[in-house]
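One structure is given here, and the rest of the page talks about it.
Counting begins at 1 with the first residue of the sequence. Order of appearance sets the numbers: ligands from 1, and atoms from 1 within every ligand.
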Amino acid sequence: MDNYKRVQEINKELKIDAVLISNGNNMRYVSGFAGETGYLYISDKHHMVITDFRYTYQAEMEAEGYEIVTIGSGGYEEAINDILRTDNVKGLGFESKDMLYSRYQDLMDKLNVDELIPINDEITRLRRIKTPKELDYIKQAESIGDKVFSEILTFIKPGMTELEVAARIEYLLKIHGGQSTSFPAIVASGVNSSMPHAVPTLKKIEDGDFLTMDFGCVYEGYCSDMTRTIVVGKASDKQKEIYKIVLEAQLAALDVLKAGLKGKDVDKVARDIIYKAGYEGCFGHGLGHSVGLFIHEDPRLSPSEEGIIEAGMIETVEPGIYVRGFGGVRIEDLVVVTEDGYENYTHSDKSLIEL
Ligand code: ZN
Ligand code: ZN
């Protein structure tokens, strides 16, 4: 991978001699190294993985073309100091949104460098626009979700607990090729579905319950994310009404979505529909987020997102209405934005399913 060249450009722009990348997803994105511990060190002369013995072999396999440094008994500080000495570094950048304060203090104490310079999310921003290969991984991850959704519908019966359904979803995600879940599956029934990020409980699913299922898996390192809400049994008029508004809001947002818009403009389209229908105060989260190596990436679709949505970015579109003491609905698709619209990677049915 020669993404290190893009990092060298960033170093130049930020006027730093070298950068220490600590965010695991950034490390993986830039170098290919997917180990859990280590740093990437990138200067004009070097691009290097610094890790410990447990990951040396993996780093050699994954980070093609990189120098691999295994730390000794002097730890990371000694290994980094060795490099700084030969590389004549005065200002060393670090990822301020990732590094723990205690770690930063440690480096301040022990590194022989004039200045440790906090950099913001410049490296993370490299990951916003996906390559065709990344898009393919995300598409495959989402297609696993589609399979799981159709299979879980044949499994759910009144009397089962939310935890049983969540466990089954996570099992099926792996059976179909997901390496792990991209987050613990959300399964929320009845009044619990009024909590957008409910944790599955021992509550039994009852006839007439809304059932919201939000889940995803990781494929080749890349996450998927989808949500469907169904009714177990016959839907009431109020359930039908809420569902219809959420679906209308979702379709309207998808309808306008294309490259060049601000995240907040897309959010507003869905939000206006929900608020005008009388549910102001019942949709308290953003309309969507980007997805990649990490489940929640920027730019968002939210009331405060000034960022421009560009072609090749992944976004979820997931409006919801949550009525306290009653229940809630969320419908979430995952799409890639194109110049004149989007391609939807989620194919599961969005009409109201009554099981
Ligand atoms: Zn989700
Ligand atoms: Zn989501």
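- Ring pair Y66/H47 is perpendicular by interplanar angle, where above 60° counts as perpendicular and below 30° as parallel.
- Using a 4.0 Å cut-off between a side-chain N of Lys or Arg and a carboxylate O of Asp or Glu, K264 and D267 do not qualify as a salt bridge.
- Protein N, O or S atom count below 2.8 Å of the Zn ion (ligand 1): the structure gives 4.
- The structure places CG of N120 at 9.5 Å from CG of L14, a figure rounded to the nearest 0.5 Å.
- For residues 173-206, the set of pairs meeting the ring pair (Phe, Tyr, Trp, His ring centres under 6.0 Å) definition, not counting sequence neighbours, is empty.
- Interatomic distance, CD1 of I175 versus NZ of K147, reported as 12.0 Å (0.5 Å rounding).
- The shortest side-chain heavy-atom distance between S22 and F94 does not fall under the 4.5 Å cut-off.
- At least one N/O/S atom of H289, whether from backbone or side chain, sits less than 2.8 Å from the Zn ion (ligand 2).
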